[in-house]
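We count ligands from 1, going down the list as the structure has it; atoms in each ligand are counted the same way.
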Amino acid sequence: MRTDAKSAELLALAQKRLYPNYKPAPIVVARGKGSELFDVDGRRWLDLAAGVAVCSVGHAHPKLVRALADQAARVMHVSNYFYNEENVLLADALCERSGMARAFFCNSGAEANEAMFKLARRHFFAKGDTKRTRFIAFHNAFHGRTMGAVSLTGTPKYREGFGGVEGVTHVPYGDLDAVKAELSDDVAALIVEPVQGEGGVLPAPPGFLEALRALTSERGALLLLDEVQTGIGRTGHWFGFQSTGIRPDAMALAKGLGGGCPIGAMLTTEELAGALPPGTHGSTFGGNPFASAAARAVLAILEEEGLVDGARAKGERLGAMLAELARELPEICEGERGVGLLRGLVLKQGFVVRDILPKIADAGVLLTAAGERVIRFTPPLVVTESELAEGVAAVRKVLTALPR
Ligand SMILES: *Cc1c(COP(=O)(O)O)cnc(C)c1O
């Protein structure tokens, strides 16, 4: 337990008052700058987690701060009974970059996936094809915590005790034969992450997304991409699917989109514009000018600072550093995997990342786990190579000192 004065007091209050559905590290963050975070007692951490791929332009980026302050001083919320300038321009910017035609806004990744779930069912309902209600999703997939999103999620322990929405079949990620066997004429949609994030930083095998596109088109089902973690530059493309030649029918965004301001989005093709007519779906906060201004500022910063291409280049450097570390410690590490600045160091069977992360935090670096055995790196896209090297050095020090 931390003994610094202010941290200790707040941690004690947190134990008493916060609902205990999380198990946070005993760190009470007060402020950040770029890739650094500082706690209430002034201690510094290097943040290579970025709030799980959320703080895409780092902490307290001056341009994002100014955009939010200016927008708050103008108008924060107007509801969806009216248009607002920031939201209309954001919709245009996202469609332009993705090749999609329409944008629906919400407040989180789960909500964006929930919207896609409803979109797919209503699309076939509106066409009179009432048989097409099933979904295909993948083992280890993570799509969020609402009842619809958790039903799509492919980790049984996240669904246990909750029941859920009927009609979702999970098949192994990367297994085209399993998809073929399940993709009958009662399937409305297939949902897939271009890289499974929470499930263990598992990139789709080469050709997999292309094959899913071809199969779903051939059999009349929709292809839905969950780009909540992979979208907005993280993979070295604006969207993860852009390393392939395909286009999805709809995609979900959130995490990095607002740079820390809560916002989610569903982008769809023009063909699906009629699936959710007025009255069928909505969100009070969705598309508000405050969050929209944040997302527009994030897109502008990523563009001005070349951070999307930067994610590819820095990601390759990080991948090389992690691969070298894995070669140095073959009794602990299995290898490295990932795309762009979504990377994982895979540990050998028997090592539990959850138990190692506190030691890495003690060494001054914040990271997260993906699955049981993967140390996940999702740094801010503004991270520098020397910060990445600092982070890998801290991980090396901690892993080297582990009892074997
Ligand atoms: C984080 C995540 C979600 C859930 O997003 P929330 O904002 O927590 O609802 C959904 N899908 C993927 C791929 C994610 O990484």
Side-chain angles (χ1 to χ4, degrees), residues 19 21-22 24 49-56 104-120 135-155 157-159 162 164-165 168 170 173 189-204 208-209 212 223-235 237 239-241 248 250-267 283 285-287 291 294-295 298 338-344 367-371 374 376-379 381:
Y19 194 85
N21 61 314
Y22 301 115
V52 194
V54 167
C55 308
S56 42
F104 163 81
F105 292 95
C106 50
N107 315 287
S108 68
E111 280 178 72
N113 285 323
E114 200 74 37
M116 292 204 299
F117 201 129
K118 290 177 74 177
L119 173 94
F135 278 75
I136 296 179
F138 291 97
H139 292 316
N140 274 320
F142 185 78
H143 298 300
R145 304 287 197 161
T146 58
M147 287 298 273
V150 87
S151 304
L152 296 169
T153 289
T155 306
K157 74 165 194 256
Y158 292 154
R159 299 195 303 267
F162 293 121
V165 179
V168 182
H170 293 92
Y173 192 62
L190 180 148
I191 183 167
V192 62
E193 297 161 89
V195 179
Q196 285 195 330
E198 303 300 311
V201 192
L202 269 166
F208 187 56
L209 295 178
L212 293 179
L223 177 66
L224 311 177
L225 292 187
D226 181 346
E227 293 249 13
V228 169
Q229 195 155 154
T230 51
I232 315 297
R234 171 91 14 215
T235 66
H237 299 272
F239 306 100
F241 78 89
M251 58 191 276
L253 298 172
K255 291 203 163 95
L257 177 57
C261 186
I263 180 171
M266 168 177 75
L267 307 182
S283 161
F285 291 125
V298 166
V339 186
L341 284 174
L342 174 53
R343 297 268 160 186
L367 288 163
T368 56
V374 179
R376 173 174 45 177
F377 291 71
T378 50
L381 304 188

Close residues (non-hydrogen atom under 4.0 angstrom from ligand 1) work out to Ser108, Gly109, Ala110, Asn113, Phe142, His143, Gly144, Glu193, Asp226, Val228, Gln229, Lys255
Within 6.0 angstrom of Phe285 CZ, more than 12 heavy atoms from elsewhere | no
Can you name the closest pair of heavy atoms from Ala141 and His143 and give their distance?
-> CB-NE2, 3.4 Å
Could you please spell out the steps behind the salt bridge (Lys or Arg N to Asp or Glu O under 4.0 Å) verdict for Glu198 and Arg376?
-> CA-CA 9 Å; Glu198 303 300 311; Arg376 173 174 45 177; 2.7 Å; yes
How long is the gap from SG on Cys55 to CG on Leu381, to the nearest 0.5 Å?
-> 10.5 Å
Report the relative orientation of the aromatic rings in Phe208 and Tyr173; use parallel for angles under 30°, tilted for 30 to 60°, perpendicular for over 60°.
-> perpendicular
Closest approach of Gly344 and Val374, non-hydrogen atoms and distance?
-> CA-CG1, 3.6 Å
